[in-house]
Amino acid sequence: MTSLGNPFQCFTTLLVKKFFLISNLNLPHCNLRQLLLVLGSATSCEECLLIHPKCAWCSKEEFGSTKFITSRCDFVENLITNGCAGELETPKSSINIVENLPLSSKGSSLTLSDVTQIMPQKISLNLRPGDKTSFRVQVRQVEDYPVDLYYLMDLSLSMKDDLDNIRNLGTKLAEEMRKLTSNFRLGFGSFVDKNISPFSYTAPRYQNNPCIGYKLFPHCVPSFGFRHLLSLTDKVDRFNEEVQKQKVSRNRDAPEGGFDAILQAAVCKEKIGWRKEASHLLVFTTDDVPHIALDGKLGGLVQPHDGQCHLNEANEYSASNQLDYPSLALLGEKLAENNIHLIFAVTKAHYILYKNFTALIPGTTVEILHQDSNNIIQLIVKAYNSIRSKVELTVWDNPEDVSLTFTATCQDGLLYPGLRKCEELQIGDTVSFEVSVEARSCPAGNTSHSFTIKPAGFRDTLEVEIAYSCTCGCMKQMEWNSSKCSGNGTYTCGLCECDSGYLGSKCECEEGESGNMYQNMCREAEGKPVCSGRGECSCNQCICYKSEFGRIYGLFCECNDFSCARYKGVLCSGHGDCHCGECKCHAGYIGDNCNCSTETNRCISNDSQMCSGRGNCVCGKCQCTEPGAFGETCEKCPTCPGACSTKRDCIECMLHNSGGLADNQTCPKHCKDEIITRVDVLKTDDQHSVLCVYPVNDCVMKFTYSELPSGKSNLTVLKKPECGSAPNALTILLAVVGIILLIGIVLLVVWKLLVTIHDRREFARFQSERSRARYEMASNPLYRKPISTHSLDFTFNKLSKSYNGTID
C-alpha cells in the first residue's frame, strides 16, 4: 500500500495550486492521489483541470454511489473503471501549424522577399496548464545572402594612423566581400564624444581647434558626438572619397562616445539605408573604452536615452548634449530589433572588456584590431564568417506564465538539451531545435498571448500564438433552475450549484435554522469540521468520501481503516487490523503497531535457559544485558565469567568423550557450533582470541577460542598437555654458588673503582696547594736605595731676564 506522506504539506500545496492558479507546482511530499485523498475531491471541473495535467473530470449525472462520494476528478482509467466512459472532460495541449513555407537555398538569386531561413513561420498552440507540448524549428543560413555593412570609426586623435590606412578600404573590402556575396553595400560614419565638459575641450580657445598647444598634431576639427557620412551604397568609390575627406578630432578624457553612435546607426534605418532583406553588419572600430549609461551625469546629463533617432538635416547626432549615454540593455534591444550584427574591432589592450560586452549584447562578436588598422579587412571577413557559422535563437515577448525549453540538434546529429545555439556551421547547413512549451497557469480572463522566436541577426521570425484550455466543454450545457437540482440551482458538469438559501447534493435542503441544524447534525462535536472533513453533509447525513487507500466510515466519517501506525511501511506490521485509527493486534502480538511478539521460544538457549541467563526476552528476541554477550540467545560471551569452563566441557566431550556433557549425551546439542582444531604449538598473540588454561593431572591443558562471523566458535587446542619436570639439586647449587661469586666480583670491582677515584682526587688537591705556595723573587719591600733625589721649582731675575729651573 502506498505511503500517505505528509497530509498537512499536501493540503497546503493544493491550497496554493487552487487559489494562486499555479498548476505545475512541484509536490515533493505527496503524489496526486494523496492530494485527492486529503481534500476529498475538486469542487468544479475547472479546479480539477488545474490540479494536474493528467486529471480528468466526469460530467455524468449519475456517478458514484449514495453511501460514498466518488471523486469526479481522477485519472481517466479510474473514472472509466467507476463507470464514467464517454462523458469525460480531459483537454490536451495541441499544436496547429498555420504557415510552413519551405526553406530557401539561395538568397540573391530569388526575389528577396521570398527568401525563407526559418520553418515554420507561424503556429498556434492550445495549452492546458501543466501539459507540456513541443514543436520543431528548422533554420538555414542561405547562400549568397545580401549584406549591408556600415563602417563606424572612432576619429579621436589617437586614431590618426588608422584613418590614413583606410583611405582605400572600400575597394579592397568590396573585393573580399563579393567573394562571399554578390549583393554587397557599404556605408560610413564617425564619432568622437559629447562636446561638453568634462568629455571635450570647451574653452573658447578650443572651439575651432581643440588641438591648440598639442605639439605632435596642432591642427584638428572640433569634437562631435556622431556624424553619418555615407548611406549604404554599392558604389564603393564614394566610400573612399568620403574617407579621404575626414580629419581627426580631440576629446578630453580617454573613453569615447561610441555607444551613442552605435545606437543612432541602429535606429536611424531610413537614413542609414538598412534593407529588410539583407544581413546587417555594423563594424565598430576604436582604440579605447566607451562611455556607458550614467557617465553623462558628470556633464549634467540626467535624462536617460530614449532609444530614438536624433539625426538632424546635416546627419549629425543632435541630442548628444541633451541625453545620457545608452545602456548595454538598450543597445542590445535596438540591435536585435533591427537585426544588426555588431562587430567590435578593438585594440588588444581592450579586448577583454569588449569580450565581456558580447555576453550582454546578443549577436555581437569582437576581434583584435592592430594599432594602425592594417588588418581591418581580414578582421571583417573573419567576423562575418564567424557570424554566418552559428545560429542562435532568441525569444521576444515571452509571456510570464509560459515556460520554454530548447533542445538543439546541430550538424553532428546529437541532441543538446537546454541549448538554443549551434556553431561551426557551413553556409547552407540546416539545424533544428525542439521547443517545449508549458503553461504554468491560466491567465486572468482566459486571454490569449503570443511570442516570437527569432534567430539572432535574422529578419525571419516564427510567430507563436497561444490559447489556453482552462474551461470545460460541459460548461456550455449549463441548466439554470434545473429539475436535476430540485429547481433550486444550476446544473453544470454533473454537479448542482445551489441557489442562495439551498444546500445538498440536489439542492433539496433549505438553509436558515433548519440548514444550521442539518450542518450541526453532521458534526461529531461543536467546533469540529463537518463530517470530519472526510465527507459531505447531505441535509442531516454524512456521505463519506471514497478513497483508494481504504474505507472511510462512521456516523461522522471519523473512522478509516488505513490511518493506523505502520512498521516498515506495513499497516499494523501485518499482524493486526486497523479499526478507526487504532491497530487491533492478532493473538500473540502487542504494541501500537502490533510489531511485538509475545512468544519466547526463540529466546531459549541450548542450555534451556532464557537468553542463556545473560539477557531478557523482548518481543520474541533476546536483548543481552551481560557486557560482552551477543548472539540470538546471548550464548556468545568471550569476556563472561565461566566462558572457558563452558568451552572446556565441549573439548573434553568432543575430543575425549568425557565430562558431564558426554555423560548425559547432550554433547551434540550444546557443542554444535564449536569448531575444534588441534595443534602442536599454540599461538597466544591473537588479540581476538581468549586464552584458557585448565589442569589435567599434574599438567596443564591450554586452548584459545574466538567467535567467527558465522556465529560459530573456533577452538584451537594443544594436542598434548604441558607437563613440568622435577628440579635438579646440583644445578640449583651451582647456580647459587655462581651467583654468590658473581656478586663478590662485582663488589670488589666497585670498591676498587671508588678507591681509585678517591686517590686521584687527593693527588689533584696536593698539586693545587703546592702550586699556590711559591714566593715572589722580583723585589723586597723593605729595601731602600742609598741615594735620594729631590726636585725644587724656582724663579729668579738676571740682567732683567727670567729663568725657570730645578735644583737637585
* **Pairwise side-chain contact, V437 with F135, heavy-atom cut-off 4.5 Å (strictly under)** => yes

* Judged by atom type as modelled, is there a donor-acceptor pair below 3.5 Å linking the side chain of T365 to the main-chain atoms of I343? -> no

* Distance in Å, M119 CE paired with I97 CD1, rounded so as to fall on 0.5 Å steps -> 8.5 Å

* Matching residue for N126 among S448, S469, S93 - test: side-chain hydrogen bond (donor to acceptor under 3.5 Å, both in side chains) -> S469

* Pairwise side-chain contact, D162 with D287, heavy-atom cut-off 4.5 Å (strictly under) -> no

* To do: Find out whether C73 and I51 are in side-chain contact, i.e. whether some heavy atom of one side chain is under 4.5 Å from a heavy atom of the other.
  => yes

* List the steps and the verdict of side chain to side chain donor-acceptor pair (under 3.5 Å) for N312 and S318. => CA-CA 6 Å; N312 57 21; S318 59; 5.2 Å; no

* **K297 NZ: over 12 foreign heavy atoms closer than 6.0 Å** => no

* Around K271, counting heavy atoms of other residues, nucleotides and ligands shown, do more than 12 lie under 6.0 Å from its NZ? -> yes

* **F344 vs I262 side-chain heavy atoms within contact, under 4.5 Å** => yes

* Take C45 and C474 through the test disulfide bond (SG atoms under 2.5 Å apart) and record every step on the way to the result. => CA-CA 9 Å; C45 183; C474 57; 4.4 Å; no

* is_close_aromatic(Y150, H228), centroid dist under 6.0 Å -> yes

* Using the six-membered ring wherever Trp is involved, compare the ring planes of Y325 and H291 and label them parallel, tilted or perpendicular (cut-offs 30° and 60°). => parallel

* Asked: Yes or no on side chain to side chain donor-acceptor pair (under 3.5 Å) for N251 and S156, after CA distance, side-chain angles and deciding distance?
  -> CA-CA 7 Å; N251 59 327; S156 59; 4.8 Å; no

* **S320 and F224: CA distance, side-chain angles, deciding distance, side chain to side chain contact (heavy atoms under 4.5 Å, CB included) verdict** => CA-CA 8 Å; S320 178; F224 57 92; over 6 Å; no

* Asked: Are any non-hydrogen side-chain atoms of L281 and I387 less than 4.5 angstrom apart?
  -> yes

* To do: Test side chain to side chain contact (heavy atoms under 4.5 Å, CB included) on Q246 and F188 and set out the steps.
  => CA-CA 11 Å; Q246 302 310 307; F188 183 63; 3.8 Å; yes

* Asked: Does the ring center of F357 lie less than 6.0 Å from the ring center of F284?
  -> no

* Asked: Any chance the SG atoms on C48 and C55 come in under 2.5 Å?
  -> no

* When you check the gap from the basic side-chain N to the acidic O, do R238 and E241 get nearer than 4.0 Å? -> no

* Asked: Roughly how far apart are N315 CG and L229 CG, rounded to 0.5 Å?
  -> 8.5 Å

* To the nearest 0.5 Å, how far apart are CZ in R420 and CD in E434? -> 14.5 Å

* **Closest contact, heavy atoms only, I118 versus Q121** => O-NE2, 2.7 Å

* Does the ring center of Y468 lie less than 6.0 Å from the ring center of H449? -> yes

* **Whether E89 side chain and G473 backbone form a donor-acceptor pair below 3.5 Å** => yes

* Below 4.5 Å, heavy atoms only, C-beta onward: do C422 and F433 meet side chain to side chain? -> yes

* Under the 3.5 angstrom rule, does the side chain of D260 hit a backbone N or O of F226 as a donor-acceptor pair? -> no

* **Backbone N/O of I292 and side chain of D295: donor-acceptor pair under 3.5 Å** => yes

* To do: Could you tell me whether E400 atom CD has more than 12 heavy atoms of other residues or ligands within 6.0 Å of it?
  => no

* Cationic N near anionic O, under 4.0 Å, E176 to K179 -> yes

* To do: May I ask you to decide if the ring planes of H280 and W274 are parallel, tilted or perpendicular, using 30° and 60° as cut-offs?
  => tilted

* **Worked check of side chain to side chain contact (heavy atoms under 4.5 Å, CB included) between D131 and T133** => CA-CA 7 Å; D131 187 20; T133 187; over 6 Å; no

* Exercise: identify the closest heavy-atom pair between P290 and L353 -> CD-CD2, 4.2 Å

* Answer yes when E465 and K122 have at least one side-chain N-carboxylate O distance shorter than 4.0 Å, and no when they do not. => yes

* Of T116, T430, D460, which is the lone residue that meets side-chain hydrogen bond (donor to acceptor under 3.5 Å, both in side chains) with R140? -> T430

* Can you check whether M177 reaches L186 side chain to side chain, under 4.5 Å on heavy atoms? -> no

* With side chain to side chain donor-acceptor pair (under 3.5 Å) as the test, would you mind laying out the steps for T286 and E256 before giving the verdict? => CA-CA 8 Å; T286 185; E256 319 290 3; 5.0 Å; no

* Assess whether side chain to side chain contact (heavy atoms under 4.5 Å, CB included) is satisfied between S389 and Q426, documenting all intermediate values. => CA-CA 6 Å; S389 68; Q426 301 293 328; over 6 Å; no

* Taking the side chain from E392 and the backbone from E423, do they hold a donor-acceptor pair closer than 3.5 Å? -> no

* **Sole candidate of D144, I427, N385 that passes side chain to side chain contact (heavy atoms under 4.5 Å, CB included) when paired with L180** => N385

* Asked: Do L328 and F259 have side chains that get closer than 4.5 Å, going by heavy atoms?
  -> yes

